[in-house]
Amino acid sequence: MTPPAKTFRDAACVVLVRGKGADREVYWVKRSDAVPFQPGFMAFPGGKVDAADAAFVVPSVSDDFERAARVCAMREALEETGVLVGLAGQASAATIAEARGKLLEGETTLAEAAYTHGWSLAPESLVFAGRWQTPVFAPVRFDTLFFLAELPEGQSPSIIPGELASGEWVKPLQALDRYRHGQLTFAAPILWTLIALAEGDDGLAERIAQGPARAATPVRRVELQWGVILHAMPTKPLPPAQHTNAFLIGESELALVDPGSGDPEHLRDLFALTDHLAAEGRHVKLVIVTHHHPDHTGGVAACRERFGAKVVGHASLASHLPIDLAVKDGDRLPLAPGHNDWSLTVLETPGHTRDSISLWLPKRRALFCGDLLPGGPGSVVIDPPDGDMRAYLASLERCAKFEPETLFPAHGSPSGAAVRRIRNLIAHRLEREAKVVLALSSEDARTLGELVPVVYDDTKPEMWSWAERSLLAHLEKLAAEGLAERAGSGWRLANA
Ligand SMILES: [Zn+2]
């Protein structure tokens with residue numbers, strides 16, 4: 001529950017290509033399941049600008065960010081793929097491999113390696129191919145310059161497993177086809193770069209560079225998997241989130257999940273997107289609500305009216321807002337098939353609230369989990385009596401059994417490596433519970449106010465009022481299991 005920093009981090013990315021025309025291929029990589037940002041996603045080589053990148057002297061580039069990003073792109077390509085781009089003149093395979101090893105060990109910088117091996121580096125020769133900024137919903141945001149580079153003759157990329165799981169050459173059309181069939185997850189910069197590559201060689205760098213503008217028309221479109229569009233709406237959720245991710249799922253018939261804002265301006269943006277989709281023959285048929293919290297329901301009435309769509313939710317959601325279809329565990333919500341089967345299965349996943357549901361898209365192994373899991377660091381608030389820690393952990397366990405691959409949470413960033421994330425969250429909760437037990441005594445009762453600073457010593461004090469609610473949920477779980485008991489205004493270990 002630590003609020004993340006929202007400032008941009010400078011970064012760079014290399015679109016490494018080889019061949020011409022129909023033979024054109026691009027080198028892309030799969031991010032490891034263990035990385036915190038976009039685990040399991042496809043990406044291009046790249047990463048954050050570091051101090052040595054920023055210190056590299058490139059007389060012909062005056063802009064500090066651009067200069068550092070050009071050097072960063074070269075360094076990241078070398079570290080991640082073993083390919084040295086932006087080289088004027090020659091470098092032997094042996095010196096390139098040696099420099100890569102030392103860079104990865106942190107034993108050298110690109111400038112030092114160039115000096116050692118007598119390389120003539122020309123960061124200014126990389127071809128600018130666009131500037132992308134991570135959208136608002138992500139807990140970590142990057143300001144990234146893209147550069148296009150032809151594979152230098154005699155070099156060949158390879159991946160050392162670590163942050164990256166694998167890499168491959170792919171033809172853009174084949175990559176888009178795999179995406180369309182739901183086999184791959186990646187962010188908008190990858191999608192729009194692939195589209196520009198698939199459109200041919202003429203003016204390639206300029207067309208790739210237009211990607212951010214194309215992706216933002218009419219509003220920023222985030223389609224991490226084909227048929228799954230994320231539209232972040234500004235809302236007032238529990239901190240640290242500032243948005244709710246509304247999802248549009250499907251091809252011709254769409255389910256709209258959690259339109260959280262009723263603000264006319266925010267709805268105008270959403271409707272600009274749905275109008276754009278309508279022109280592609282895609283229409284909202286269902287408005288699905290994962291639970292009753294206002295940051296998930298704010299736009300429901302307006303969307304129901306706008307689309308003539310049925311509002312779908314758990315039966316007990318009806319005590320908070322009018323619904324047209326009450327669903328229960330295992331119900332199927334059919335949507336017209338396209339390249340994929342879009343039928344959603346309802347899972348009752350209480351714990352955050354009693355009326356929480358998640359949506360399971362079996363063909364994609366994708367879970368739309370509402371507030372069951374956070375889309376970033378920290379955890380979800382469990383606020384009794386609506387929140388229930390035992391039910392919450394049982395819901396997490398149950399979702400893990402479905403072996404989902406991708407999580408689409410209502411706040412923060414979607415994620416691959418879904419089972420690993422769920423397991424980590426369960427472990428995190430049980431660690432917290434162990435701290436609760438340690439903080440309790442069998443004699444003296446302790447109040448929530450006394451326990452919070454001990455149990456949440458790793459959490460900022462401004463979050464303690466929320467932490468206290470989850471603490472109470474842990475105590476109620478321990479009481480239900482016979483391990484703790486109320487005593488006066490506090491809690492103590494149960495005397496067995
Ligand atoms: Zn909620």
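Indexing begins at 1, ligand by ligand and atom by atom, following the structure's order.
- Distances shorter than 2.8 Å separate the Zn ion (ligand 1) from the protein N/O/S atoms H291 NE2, H293 ND1, H352 NE2, D371 OD2.
- Remark: R429 engages S379, V380, I382, M389, Y392, L393, S470, H474 in a side chain to side chain contact (heavy atoms under 4.5 Å, CB included) (not counting sequence neighbours).
- Within a 6.0 Å radius of NZ in K310, other residues, nucleotides and ligands contribute 12 heavy atoms or fewer.
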Show which side-chain atoms of residues 360-371 pair as donor or acceptor with protein atoms under 3.5 Å away, not counting sequence neighbours.
from, atom 1, to, atom 2, distance (Å)
R364, NE, N340, OD1, 3.3
R364, NH1, Q225, OE1, 2.9
R364, NH1, W226, O, 2.9
R364, NH2, W226, O, 2.6
R364, NH2, N340, OD1, 3.4
R365, NE, E403, O, 3.0
R365, NH2, F402, O, 2.6
D371, OD1, H296, NE2, 3.3
D371, OD1, H411, NE2, 3.1
D371, OD2, H291, NE2, 3.2
D371, OD2, H296, NE2, 3.0
D371, OD2, H352, NE2, 3.1

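- Residue-environment remark: CD (E163) stays at or below the threshold of 12 foreign heavy atoms within 6.0 Å.
- For residues 405-423, the pairs satisfying salt bridge (Lys or Arg N to Asp or Glu O under 4.0 Å) are E397-R423, with sequence neighbours left out.
- In terms of heavy atoms, A400 sits closest to V419 at O-CG2, 4.1 Å.
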